[in-house]
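In what follows, a single structure is set out as C-alpha coordinates and then discussed.
When a ligand or atom number is given, it counts from 1 through the structure's own listing order. Residue indices begin at 1 and follow the sequence shown.
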Amino acid sequence: MHAKLTIDPTNQISKIDDRLYSALIEHLGRGVYDGLYNPGNAHSDDNGFRQDVVKAVKDLNIDLIRYPGGNFVSGYNWEDGIGPKDQRPTRLDLAWRSIETNQFGLHEFMKWTQQTGTRPDMAVNLGSRGIDAARNLIEYCNFPGGTYWSDLRKKNGAEKPFNIKTWCLGNEMDGDWQIGHKTAEEYGRLAHETAKVMRLVDPNIDLVVSGSSTREMATFGSWEETVLDHTYDDVDYLSLHRYYDNQENDLENFLAKSIDFDEFISGIVAVCDAVKARKHSTKTLNLALDEWNVWYHSHKQDDETAPWQHAPHLLEDHYNFEDALMVGTMLITLLKHADRVKIACLAQLVNVIAPIMTDDQGIWLQSIFFPFMQVSKYGRGIALAPKQTTPTYNSKDFQDVPVLDSLAVYNPDQHEVVVFAENKGQTPLDFSTELCEFTAKNLVEATQFCGYGIKETNEDQHMHLQPNTQVTVDAHQLSTTLAPLSWNMFRIQVAD
Ligand code: AHR
(Lines give C-alpha, C1' and ligand atoms only; values in the text may rest on other atoms or scores of the structure.)
Protein backbone atom coordinates (compact mmCIF):
# COMPACT_ATOMS: atom_id res chain seq x y z
CA MET A 1 0.00 0.00 0.00
CA HIS A 2 1.22 3.47 -0.82
CA ALA A 3 0.20 6.91 0.39
CA LYS A 4 1.39 10.38 -0.51
CA LEU A 5 1.23 13.83 1.03
CA THR A 6 1.74 16.79 -1.30
CA ILE A 7 2.96 19.90 0.47
CA ASP A 8 2.02 23.11 -1.27
CA PRO A 9 3.50 26.20 0.40
CA THR A 10 0.92 28.41 -1.27
CA ASN A 11 -2.00 26.45 0.16
CA GLN A 12 -1.88 27.68 3.73
CA ILE A 13 -4.57 27.03 6.32
CA SER A 14 -3.37 29.61 8.81
CA LYS A 15 -0.64 30.63 11.18
CA ILE A 16 -0.96 28.31 14.18
CA ASP A 17 -1.92 30.09 17.37
CA ASP A 18 0.37 29.21 20.31
CA ARG A 19 -2.76 28.79 22.42
CA LEU A 20 -3.62 25.65 20.43
CA TYR A 21 -1.36 23.88 22.90
CA SER A 22 -3.12 24.66 26.15
CA ALA A 23 -4.60 22.52 28.93
CA LEU A 24 -7.27 22.40 31.64
CA ILE A 25 -6.47 22.07 35.33
CA GLU A 26 -9.54 21.59 37.49
CA HIS A 27 -10.06 21.16 41.21
CA LEU A 28 -11.01 17.54 40.66
CA GLY A 29 -9.63 14.34 42.15
CA ARG A 30 -5.84 14.51 42.36
CA GLY A 31 -5.44 17.14 39.64
CA VAL A 32 -4.45 19.99 41.94
CA TYR A 33 -3.97 18.30 45.34
CA ASP A 34 -1.46 15.42 45.12
CA GLY A 35 -0.88 16.48 41.52
CA LEU A 36 0.74 19.84 41.01
CA TYR A 37 0.39 20.86 44.69
CA ASN A 38 1.82 18.40 47.20
CA PRO A 39 3.42 20.08 50.25
CA GLY A 40 5.80 17.80 52.09
CA ASN A 41 6.57 15.61 49.10
CA ALA A 42 10.30 15.18 48.41
CA HIS A 43 9.80 16.63 44.90
CA SER A 44 8.01 19.76 46.11
CA ASP A 45 9.50 23.21 46.61
CA ASP A 46 8.67 25.62 49.44
CA ASN A 47 5.40 26.53 47.73
CA GLY A 48 4.37 22.88 47.72
CA PHE A 49 4.68 22.76 43.92
CA ARG A 50 5.87 19.41 42.56
CA GLN A 51 9.02 20.20 40.59
CA ASP A 52 8.88 16.93 38.65
CA VAL A 53 5.43 18.02 37.43
CA VAL A 54 6.70 21.52 36.61
CA LYS A 55 9.43 20.00 34.44
CA ALA A 56 6.99 17.72 32.58
CA VAL A 57 4.59 20.63 31.99
CA LYS A 58 7.48 22.65 30.56
CA ASP A 59 8.37 19.70 28.32
CA LEU A 60 4.84 19.87 26.91
CA ASN A 61 5.24 23.57 25.98
CA ILE A 62 1.80 24.41 27.31
CA ASP A 63 0.55 27.94 26.74
CA LEU A 64 -2.76 28.67 28.54
CA ILE A 65 -4.02 26.86 31.61
CA ARG A 66 -7.80 26.92 31.90
CA TYR A 67 -8.68 27.01 35.63
CA PRO A 68 -10.34 26.22 38.10
CA GLY A 69 -12.79 24.07 36.08
CA GLY A 70 -14.67 22.40 34.48
CA ASN A 71 -17.80 21.51 36.41
CA PHE A 72 -16.09 22.57 39.65
CA VAL A 73 -16.24 26.26 38.77
CA SER A 74 -20.04 26.28 38.72
CA GLY A 75 -20.15 25.85 42.51
CA TYR A 76 -16.92 27.65 43.42
CA ASN A 77 -16.50 30.74 45.60
CA TRP A 78 -13.22 32.21 44.41
CA GLU A 79 -12.88 34.21 47.64
CA ASP A 80 -12.46 30.94 49.56
CA GLY A 81 -9.05 30.48 47.95
CA ILE A 82 -7.41 33.80 48.96
CA GLY A 83 -5.89 35.08 52.19
CA PRO A 84 -4.12 33.21 54.99
CA LYS A 85 -4.34 29.49 54.37
CA ASP A 86 -5.30 28.67 57.95
CA GLN A 87 -8.39 30.85 57.60
CA ARG A 88 -9.66 29.38 54.35
CA PRO A 89 -12.87 27.37 54.62
CA THR A 90 -13.20 23.69 53.86
CA ARG A 91 -16.25 23.15 51.68
CA LEU A 92 -18.25 20.52 49.89
CA ASP A 93 -17.40 20.37 46.19
CA LEU A 94 -20.80 19.35 44.85
CA ALA A 95 -19.62 18.89 41.27
CA TRP A 96 -17.34 15.99 42.17
CA ARG A 97 -18.80 15.16 45.61
CA SER A 98 -15.43 15.78 47.25
CA ILE A 99 -13.95 17.86 50.06
CA GLU A 100 -12.29 21.10 48.96
CA THR A 101 -9.81 22.53 51.47
CA ASN A 102 -9.01 25.67 49.46
CA GLN A 103 -5.32 25.38 50.33
CA PHE A 104 -4.62 26.01 46.64
CA GLY A 105 -6.32 29.10 45.27
CA LEU A 106 -5.85 32.09 43.04
CA HIS A 107 -2.44 33.30 44.26
CA GLU A 108 -1.01 29.79 44.30
CA PHE A 109 -2.31 29.24 40.78
CA MET A 110 -0.77 32.47 39.50
CA LYS A 111 2.57 31.60 41.10
CA TRP A 112 2.43 28.13 39.53
CA THR A 113 1.77 29.57 36.06
CA GLN A 114 4.89 31.71 36.48
CA GLN A 115 6.96 28.66 37.42
CA THR A 116 5.71 26.65 34.47
CA GLY A 117 5.89 29.48 31.93
CA THR A 118 2.16 29.16 31.26
CA ARG A 119 -0.59 31.79 31.20
CA PRO A 120 -3.96 31.79 32.98
CA ASP A 121 -7.32 31.25 31.28
CA MET A 122 -9.71 31.97 34.15
CA ALA A 123 -13.28 30.71 34.33
CA VAL A 124 -15.96 32.60 36.26
CA ASN A 125 -18.83 30.89 38.05
CA LEU A 126 -22.09 31.46 36.15
CA GLY A 127 -23.76 28.46 37.82
CA SER A 128 -24.33 29.15 41.50
CA ARG A 129 -23.15 32.74 41.17
CA GLY A 130 -23.12 35.43 38.50
CA ILE A 131 -22.31 39.02 37.58
CA ASP A 132 -21.34 40.22 41.04
CA ALA A 133 -18.78 37.50 41.79
CA ALA A 134 -17.34 37.88 38.27
CA ARG A 135 -16.90 41.65 38.51
CA ASN A 136 -15.29 41.34 41.95
CA LEU A 137 -12.92 38.66 40.71
CA ILE A 138 -11.75 40.67 37.73
CA GLU A 139 -11.34 43.78 39.90
CA TYR A 140 -9.25 41.68 42.30
CA CYS A 141 -7.11 40.28 39.49
CA ASN A 142 -6.73 43.11 37.00
CA PHE A 143 -7.39 46.49 38.65
CA PRO A 144 -4.15 48.27 39.63
CA GLY A 145 -5.19 49.42 43.12
CA GLY A 146 -7.10 51.89 45.29
CA THR A 147 -10.33 49.86 45.49
CA TYR A 148 -11.56 47.28 47.96
CA TRP A 149 -10.78 44.18 45.88
CA SER A 150 -7.55 45.39 44.27
CA ASP A 151 -6.20 46.50 47.64
CA LEU A 152 -7.11 43.14 49.12
CA ARG A 153 -5.01 41.50 46.38
CA LYS A 154 -2.08 43.69 47.41
CA LYS A 155 -2.64 42.85 51.07
CA ASN A 156 -2.54 39.18 50.07
CA GLY A 157 0.90 39.63 48.56
CA ALA A 158 0.41 40.60 44.90
CA GLU A 159 1.33 44.25 44.53
CA LYS A 160 0.98 44.21 40.75
CA PRO A 161 -2.27 43.20 39.05
CA PHE A 162 -2.36 39.71 37.58
CA ASN A 163 -3.63 41.17 34.28
CA ILE A 164 -5.40 37.98 33.27
CA LYS A 165 -6.23 38.30 29.60
CA THR A 166 -8.47 35.31 28.82
CA TRP A 167 -11.73 34.59 30.69
CA CYS A 168 -14.37 31.87 30.28
CA LEU A 169 -18.00 32.78 30.93
CA GLY A 170 -18.96 29.68 32.91
CA ASN A 171 -18.67 26.03 31.94
CA GLU A 172 -20.98 23.63 30.06
CA MET A 173 -24.06 25.60 31.04
CA ASP A 174 -26.17 23.51 28.62
CA GLY A 175 -25.72 20.35 30.71
CA ASP A 176 -28.31 19.42 33.33
CA TRP A 177 -25.48 17.96 35.48
CA GLN A 178 -24.07 21.47 35.80
CA ILE A 179 -24.69 23.37 39.03
CA GLY A 180 -26.95 26.25 37.95
CA HIS A 181 -27.71 24.70 34.53
CA LYS A 182 -29.57 27.16 32.32
CA THR A 183 -31.57 27.30 29.13
CA ALA A 184 -29.80 28.88 26.17
CA GLU A 185 -31.98 31.97 26.59
CA GLU A 186 -31.14 32.30 30.31
CA TYR A 187 -27.43 31.69 29.79
CA GLY A 188 -27.21 33.94 26.74
CA ARG A 189 -28.68 36.87 28.67
CA LEU A 190 -26.47 36.24 31.71
CA ALA A 191 -23.32 35.85 29.59
CA HIS A 192 -24.11 39.10 27.78
CA GLU A 193 -24.58 41.04 31.02
CA THR A 194 -21.54 39.47 32.67
CA ALA A 195 -19.37 40.25 29.64
CA LYS A 196 -20.56 43.85 29.71
CA VAL A 197 -19.67 44.31 33.37
CA MET A 198 -16.31 42.51 33.11
CA ARG A 199 -15.32 44.73 30.19
CA LEU A 200 -16.28 47.80 32.20
CA VAL A 201 -13.62 46.76 34.72
CA ASP A 202 -11.05 45.78 32.07
CA PRO A 203 -11.76 46.50 28.39
CA ASN A 204 -8.67 44.58 27.25
CA ILE A 205 -9.82 41.06 28.11
CA ASP A 206 -10.70 38.21 25.75
CA LEU A 207 -13.95 36.40 26.53
CA VAL A 208 -14.98 32.81 25.77
CA VAL A 209 -18.71 32.02 25.80
CA SER A 210 -19.85 28.44 26.52
CA GLY A 211 -21.02 26.38 23.58
CA SER A 212 -22.43 22.85 23.70
CA SER A 213 -20.74 20.37 26.01
CA THR A 214 -20.99 17.60 23.42
CA ARG A 215 -22.23 17.11 19.88
CA GLU A 216 -24.83 14.65 21.22
CA MET A 217 -26.75 17.24 23.28
CA ALA A 218 -30.36 17.62 22.07
CA THR A 219 -29.76 21.37 21.99
CA PHE A 220 -26.53 21.12 19.94
CA GLY A 221 -26.53 23.87 17.32
CA SER A 222 -29.62 25.66 18.58
CA TRP A 223 -27.80 26.33 21.87
CA GLU A 224 -25.01 28.09 19.98
CA GLU A 225 -27.44 30.08 17.84
CA THR A 226 -29.42 31.39 20.80
CA VAL A 227 -26.38 32.09 22.96
CA LEU A 228 -24.62 33.90 20.11
CA ASP A 229 -27.76 35.89 19.34
CA HIS A 230 -27.25 37.42 22.78
CA THR A 231 -23.45 37.57 22.89
CA TYR A 232 -21.98 37.69 19.36
CA ASP A 233 -20.75 41.26 19.76
CA ASP A 234 -19.55 40.75 23.36
CA VAL A 235 -17.25 37.74 23.06
CA ASP A 236 -14.11 36.71 21.22
CA TYR A 237 -14.46 32.92 21.20
CA LEU A 238 -17.14 30.24 21.37
CA SER A 239 -16.15 27.16 23.37
CA LEU A 240 -16.68 23.53 22.35
CA HIS A 241 -15.81 20.30 24.16
CA ARG A 242 -15.14 16.84 22.74
CA TYR A 243 -14.10 13.53 24.30
CA TYR A 244 -13.86 10.15 22.55
CA ASP A 245 -13.93 6.59 23.81
CA ASN A 246 -13.47 3.04 22.61
CA GLN A 247 -16.06 1.39 24.87
CA GLU A 248 -17.04 -0.86 21.97
CA ASN A 249 -13.45 -2.09 21.64
CA ASP A 250 -13.35 -1.49 17.89
CA LEU A 251 -9.96 -0.03 16.96
CA GLU A 252 -10.82 0.85 13.35
CA ASN A 253 -13.97 2.68 14.35
CA PHE A 254 -12.21 4.38 17.27
CA LEU A 255 -9.46 5.87 15.10
CA ALA A 256 -12.05 6.86 12.48
CA LYS A 257 -13.70 9.16 15.02
CA SER A 258 -11.33 11.92 13.87
CA ILE A 259 -13.88 12.27 11.03
CA ASP A 260 -16.56 13.03 13.60
CA PHE A 261 -14.17 15.50 15.27
CA ASP A 262 -13.56 17.22 11.95
CA GLU A 263 -17.30 17.46 11.19
CA PHE A 264 -18.04 18.65 14.72
CA ILE A 265 -15.62 21.58 14.37
CA SER A 266 -16.84 22.42 10.84
CA GLY A 267 -20.43 22.36 12.08
CA ILE A 268 -19.73 24.85 14.87
CA VAL A 269 -17.86 27.10 12.44
CA ALA A 270 -20.94 27.01 10.18
CA VAL A 271 -23.23 28.00 13.08
CA CYS A 272 -20.94 30.93 14.00
CA ASP A 273 -20.89 32.11 10.40
CA ALA A 274 -24.68 31.75 10.07
CA VAL A 275 -25.13 34.03 13.09
CA LYS A 276 -22.57 36.41 11.60
CA ALA A 277 -24.54 36.56 8.35
CA ARG A 278 -27.87 36.97 10.12
CA LYS A 279 -26.47 39.85 12.16
CA HIS A 280 -24.82 41.47 9.10
CA SER A 281 -21.68 41.47 11.23
CA THR A 282 -18.17 42.09 9.94
CA LYS A 283 -16.70 40.18 12.88
CA THR A 284 -15.67 36.53 12.47
CA LEU A 285 -15.93 34.52 15.66
CA ASN A 286 -13.18 32.00 16.41
CA LEU A 287 -13.34 28.85 18.51
CA ALA A 288 -11.90 27.74 21.84
CA LEU A 289 -11.92 23.95 21.99
CA ASP A 290 -11.31 24.24 25.69
CA GLU A 291 -11.74 20.54 26.56
CA TRP A 292 -10.67 17.62 24.36
CA ASN A 293 -9.17 14.18 24.91
CA VAL A 294 -9.92 10.47 25.17
CA TRP A 295 -11.95 9.71 28.31
CA TYR A 296 -13.61 6.45 29.38
CA HIS A 297 -11.24 4.06 31.15
CA SER A 298 -12.01 5.46 34.61
CA HIS A 299 -15.83 5.51 34.48
CA LYS A 300 -16.14 2.39 36.64
CA GLN A 301 -13.56 3.66 39.14
CA ASP A 302 -15.47 6.95 39.41
CA ASP A 303 -18.77 5.17 40.08
CA GLU A 304 -17.16 3.14 42.86
CA THR A 305 -15.32 5.98 44.60
CA ALA A 306 -16.82 6.92 47.96
CA PRO A 307 -17.99 10.55 48.15
CA TRP A 308 -16.67 13.33 50.37
CA GLN A 309 -12.98 12.50 50.26
CA HIS A 310 -10.24 15.09 49.76
CA ALA A 311 -8.29 14.49 46.53
CA PRO A 312 -9.80 11.07 45.72
CA HIS A 313 -8.69 9.00 42.72
CA LEU A 314 -11.14 10.26 40.09
CA LEU A 315 -10.98 10.24 36.29
CA GLU A 316 -7.57 8.51 36.44
CA ASP A 317 -7.61 6.98 32.98
CA HIS A 318 -4.52 4.90 32.25
CA TYR A 319 -4.07 5.52 28.55
CA ASN A 320 -3.00 2.77 26.21
CA PHE A 321 -1.26 2.87 22.84
CA GLU A 322 -4.44 3.14 20.75
CA ASP A 323 -5.40 6.21 22.82
CA ALA A 324 -2.09 7.82 21.81
CA LEU A 325 -2.98 7.17 18.16
CA MET A 326 -6.39 8.75 18.75
CA VAL A 327 -4.80 11.82 20.35
CA GLY A 328 -2.38 12.01 17.41
CA THR A 329 -5.18 12.01 14.84
CA MET A 330 -7.12 14.57 16.92
CA LEU A 331 -4.04 16.83 16.93
CA ILE A 332 -3.77 16.63 13.13
CA THR A 333 -7.50 17.44 12.89
CA LEU A 334 -6.99 20.46 15.13
CA LEU A 335 -4.20 21.72 12.86
CA LYS A 336 -6.54 21.33 9.87
CA HIS A 337 -8.82 23.84 11.61
CA ALA A 338 -6.08 26.24 12.72
CA ASP A 339 -7.82 29.03 10.80
CA ARG A 340 -10.74 29.03 13.27
CA VAL A 341 -9.63 27.09 16.35
CA LYS A 342 -7.35 29.50 18.19
CA ILE A 343 -7.44 27.98 21.68
CA ALA A 344 -7.47 24.25 22.48
CA CYS A 345 -7.09 22.81 25.98
CA LEU A 346 -6.13 19.21 26.45
CA ALA A 347 -8.35 18.04 29.31
CA GLN A 348 -6.70 17.65 31.59
CA LEU A 349 -3.02 17.95 32.55
CA VAL A 350 -2.12 16.13 35.78
CA ASN A 351 -3.64 12.87 37.18
CA VAL A 352 -7.17 13.58 35.88
CA ILE A 353 -7.54 12.24 32.27
CA ALA A 354 -4.00 13.47 31.96
CA PRO A 355 -0.70 12.98 30.15
CA ILE A 356 1.21 13.38 33.46
CA MET A 357 0.58 11.10 36.44
CA THR A 358 2.01 11.40 39.95
CA ASP A 359 2.53 9.16 42.92
CA ASP A 360 4.47 9.81 46.10
CA GLN A 361 7.73 8.66 44.48
CA GLY A 362 7.60 10.62 41.24
CA ILE A 363 5.78 11.04 37.96
CA TRP A 364 5.08 8.79 35.01
CA LEU A 365 4.19 9.85 31.50
CA GLN A 366 1.20 8.38 29.72
CA SER A 367 1.20 7.17 26.12
CA ILE A 368 -0.68 10.31 25.01
CA PHE A 369 2.15 12.50 26.31
CA PHE A 370 4.33 11.70 23.29
CA PRO A 371 2.25 12.85 20.29
CA PHE A 372 1.05 15.90 22.22
CA MET A 373 4.61 16.84 23.17
CA GLN A 374 5.83 16.55 19.57
CA VAL A 375 3.02 18.54 18.00
CA SER A 376 3.21 21.18 20.73
CA LYS A 377 6.95 21.51 20.26
CA TYR A 378 7.22 21.33 16.48
CA GLY A 379 3.72 22.21 15.27
CA ARG A 380 4.58 25.91 15.30
CA GLY A 381 4.40 28.16 12.29
CA ILE A 382 1.99 27.82 9.38
CA ALA A 383 -0.33 24.86 8.91
CA LEU A 384 -0.37 23.78 5.25
CA ALA A 385 -3.52 22.28 3.75
CA PRO A 386 -2.88 18.54 3.31
CA LYS A 387 -3.39 17.02 -0.14
CA GLN A 388 -3.26 13.26 0.31
CA THR A 389 -3.63 10.14 -1.73
CA THR A 390 -4.23 7.20 0.55
CA PRO A 391 -5.96 3.85 0.78
CA THR A 392 -9.20 3.96 2.76
CA TYR A 393 -11.27 1.60 4.87
CA ASN A 394 -14.85 1.35 6.11
CA SER A 395 -15.66 0.98 9.80
CA LYS A 396 -18.88 0.52 11.76
CA ASP A 397 -19.84 4.22 11.69
CA PHE A 398 -17.60 5.71 9.00
CA GLN A 399 -17.06 5.21 5.26
CA ASP A 400 -13.88 5.87 3.28
CA VAL A 401 -11.68 6.48 6.29
CA PRO A 402 -8.19 7.55 5.15
CA VAL A 403 -5.58 5.06 6.37
CA LEU A 404 -3.06 7.92 6.35
CA ASP A 405 -3.71 11.04 8.38
CA SER A 406 -1.04 13.64 7.73
CA LEU A 407 -0.29 17.34 7.69
CA ALA A 408 2.76 19.56 7.29
CA VAL A 409 3.68 22.69 9.19
CA TYR A 410 6.07 25.27 7.77
CA ASN A 411 8.16 27.03 10.40
CA PRO A 412 9.82 29.98 8.61
CA ASP A 413 11.86 30.98 11.68
CA GLN A 414 13.53 27.56 11.86
CA HIS A 415 13.52 27.06 8.05
CA GLU A 416 11.79 23.75 8.69
CA VAL A 417 8.93 21.78 7.25
CA VAL A 418 7.58 19.37 9.84
CA VAL A 419 5.40 16.48 8.72
CA PHE A 420 3.10 14.65 11.15
CA ALA A 421 1.78 11.35 9.78
CA GLU A 422 -0.26 8.56 11.30
CA ASN A 423 -0.74 5.14 9.78
CA LYS A 424 -4.09 3.84 11.06
CA GLY A 425 -3.66 0.60 9.18
CA GLN A 426 -2.40 -2.70 10.55
CA THR A 427 0.13 -3.19 7.73
CA PRO A 428 3.18 -1.14 6.67
CA LEU A 429 2.39 1.87 4.48
CA ASP A 430 4.84 3.18 1.88
CA PHE A 431 4.80 6.92 2.30
CA SER A 432 6.20 9.82 0.34
CA THR A 433 5.85 13.55 0.59
CA GLU A 434 6.20 15.80 -2.45
CA LEU A 435 7.83 19.02 -1.30
CA CYS A 436 6.81 21.01 -4.42
CA GLU A 437 8.38 24.49 -4.19
CA PHE A 438 10.25 23.68 -0.99
CA THR A 439 13.82 22.49 -1.49
CA ALA A 440 14.98 20.07 1.18
CA LYS A 441 18.47 20.60 2.53
CA ASN A 442 18.56 17.80 5.04
CA LEU A 443 16.53 15.65 7.37
CA VAL A 444 16.82 17.07 10.89
CA GLU A 445 14.90 14.35 12.70
CA ALA A 446 12.63 11.40 11.95
CA THR A 447 10.81 9.60 14.74
CA GLN A 448 8.17 6.94 15.03
CA PHE A 449 5.96 5.81 17.89
CA CYS A 450 4.96 2.24 17.16
CA GLY A 451 5.40 -1.42 17.92
CA TYR A 452 3.35 -1.47 21.12
CA GLY A 453 0.27 -3.58 21.73
CA ILE A 454 -2.84 -1.44 21.31
CA LYS A 455 -3.90 -2.05 24.91
CA GLU A 456 -0.40 -1.51 26.33
CA THR A 457 -0.10 1.26 28.93
CA ASN A 458 2.99 3.04 30.22
CA GLU A 459 3.04 2.86 34.03
CA ASP A 460 6.53 1.32 33.87
CA GLN A 461 7.80 4.00 31.45
CA HIS A 462 8.92 1.65 28.70
CA MET A 463 7.31 3.66 25.90
CA HIS A 464 9.44 6.10 23.96
CA LEU A 465 9.74 7.75 20.57
CA GLN A 466 12.07 5.77 18.34
CA PRO A 467 14.29 7.11 15.54
CA ASN A 468 13.19 6.14 12.04
CA THR A 469 16.42 5.38 10.18
CA GLN A 470 14.77 4.21 6.95
CA VAL A 471 14.05 7.62 5.44
CA THR A 472 15.43 8.97 2.18
CA VAL A 473 15.25 12.65 1.33
CA ASP A 474 16.23 14.33 -1.92
CA ALA A 475 15.64 17.96 -2.82
CA HIS A 476 11.94 17.51 -3.50
CA GLN A 477 10.78 14.31 -1.87
CA LEU A 478 10.85 12.35 1.37
CA SER A 479 10.23 8.61 1.22
CA THR A 480 9.88 6.01 3.93
CA THR A 481 7.64 3.23 5.18
CA LEU A 482 5.26 3.99 8.03
CA ALA A 483 5.07 1.11 10.48
CA PRO A 484 1.65 -0.45 11.12
CA LEU A 485 -0.37 1.58 13.63
CA SER A 486 2.23 4.30 14.00
CA TRP A 487 2.55 7.97 14.85
CA ASN A 488 5.40 9.64 12.94
CA MET A 489 7.18 12.97 12.70
CA PHE A 490 9.72 14.20 10.12
CA ARG A 491 11.58 17.50 10.42
CA ILE A 492 13.10 18.69 7.16
CA GLN A 493 15.37 21.69 6.85
CA VAL A 494 14.45 23.64 3.72
CA ALA A 495 16.24 26.32 1.71
CA ASP A 496 15.04 29.93 2.16
O1 AHR B 1 -12.79 17.37 32.23
C2 AHR B 1 -13.72 16.70 33.01
C3 AHR B 1 -15.12 17.34 32.92
O4 AHR B 1 -15.62 17.18 31.63
C5 AHR B 1 -15.19 18.82 33.14
O6 AHR B 1 -15.27 19.16 34.49
C7 AHR B 1 -16.46 19.19 32.45
O8 AHR B 1 -16.44 20.51 31.95
C9 AHR B 1 -16.59 18.16 31.35
O10 AHR B 1 -17.83 17.58 31.33
Side-chain angles (χ1 to χ4, degrees), residues 22-33 35-36 62 64-76 92-98 100 109 121-128 167-182 187 191 208-220 223 227 237-245 247 261 264 287-303 305 307 311-319 323 326-327 330 343-357 366 368 372:
S22 297
L24 166 64
I25 288 181
E26 177 167 6
H27 284 246
L28 193 183
R30 299 191 309 123
V32 171
Y33 305 106
L36 55 100
I62 302 285
L64 297 182
I65 302 285
R66 182 165 172 253
Y67 173 87
N71 296 341
F72 172 79
V73 75
S74 298
Y76 181 50
L92 295 182
D93 161 17
L94 298 181
W96 300 104
R97 305 184 77 218
S98 305
E100 172 58 55
F109 173 63
D121 172 7
M122 186 66 68
V124 299
N125 175 354
L126 294 190
S128 65
W167 295 81
C168 299
L169 295 165
N171 177 70
E172 294 192 349
M173 300 309 302
D174 61 326
D176 63 3
W177 60 86
Q178 201 70 213
I179 297 169
H181 159 61
K182 292 172 176 56
Y187 172 67
V208 183
V209 72
S210 288
S212 294
S213 45
T214 81
R215 198 182 180 191
E216 287 71 32
M217 298 299 287
T219 51
F220 174 70
W223 171 272
V227 167
Y237 304 95
L238 172 71
S239 83
L240 54 164
H241 293 176
R242 200 71 182 132
Y243 295 99
Y244 289 103
D245 67 64
Q247 308 254 38
F261 193 40
F264 172 59
L287 305 184
L289 180 78
D290 56 21
E291 290 185 30
W292 72 270
N293 204 345
V294 173
W295 174 16
Y296 73 106
H297 298 285
S298 59
H299 289 341
K300 190 162 175 286
Q301 175 196 41
D302 299 342
D303 291 344
T305 301
H313 290 261
L314 284 175
L315 279 68
E316 297 202 9
D317 280 44
H318 284 204
Y319 291 114
D323 298 328
M326 186 61 201
V327 164
M330 288 180 82
I343 298 174
C345 302
L346 181 70
Q348 299 192 9
L349 190 56
V350 186
N351 287 335
V352 173
I353 43 174
I356 304 164
M357 300 296 286
Q366 299 240 37
I368 64 168
F372 187 93

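Summary of contacts: the protein heavy atom closest to atom 7 (C) of ligand 1 is Asn71 OD1, 3.3 Å. The nearest protein atom to atom 10 (O) of ligand 1, hydrogens excluded, is given as Glu172 OE1, 2.7 Å; this is a heavy-atom distance.
Contact annotation: for Trp96 versus ligand 1, heavy atoms closer than 4.0 Å belong to the side chain alone.
Within the structure, the closest approach of Trp295 to ligand 1 falls below 4.0 Å when heavy atoms are considered. Proximity of Val352 to ligand 1 is not established, as no heavy-atom distance is less than 4.0 Å.
A search for side-chain contact (heavy atoms from CB on, under 4.5 Å) contacts involving Val327 returns Trp292, Asn293, Val294, Leu331, Ile368, Pro371, not counting sequence neighbours. With sequence neighbours excluded, no residue forms a salt bridge (charged side-chain N to carboxylate O under 4.0 Å, His left out) with Glu26.
Between the side chains of Asp174 and Ser213, at least one donor N or O sits under 3.5 Å from an acceptor N or O. Between the side chains of Asn71 and Gln178, a donor-acceptor pair is found at a separation under 3.5 Å. Asp245 and His299 are not linked by any side-chain donor-acceptor pair at a separation below 3.5 angstrom, with hydrogens and angles left out of the test.
By heavy-atom distance, the residue among His27, Gln348, Glu291 lying nearest atom 8 (O) of ligand 1 is Glu291.
Which parts of ligand 1 touch Glu26 is read off a 4.0 Å heavy-atom cut-off, strictly below it: atoms 5 (C), 6 (O). Within the listing of ligand 1, atoms 1 (O) sit less than 4.0 angstrom from a heavy atom of Ile353. Close contacts between ligand 1 and Gly70 involve ligand atoms 5 (C), 6 (O), 8 (O) [criterion: under 4.0 Å to a heavy atom]. If you number the atoms of ligand 1 from 1 as listed, the ones under 4.0 Å from a heavy atom of Tyr243 come out as 1 (O), 2 (C), 4 (O).
No N or O atom of Trp177 sits closer than 3.5 Å to an N or O atom of ligand 1.
Using bins of under 30°, 30° to 60° and over 60° for the plane-to-plane angle, the ring pair Phe72/His27 lands in the parallel bin. By the 30° and 60° cut-offs, the orientation of the rings of Trp223 relative to Tyr187 is parallel.
Cation-pi geometry between Arg215 and Phe264 is not satisfied (NZ or CZ under 6.0 Å from the ring centre, within 45° of the ring normal).
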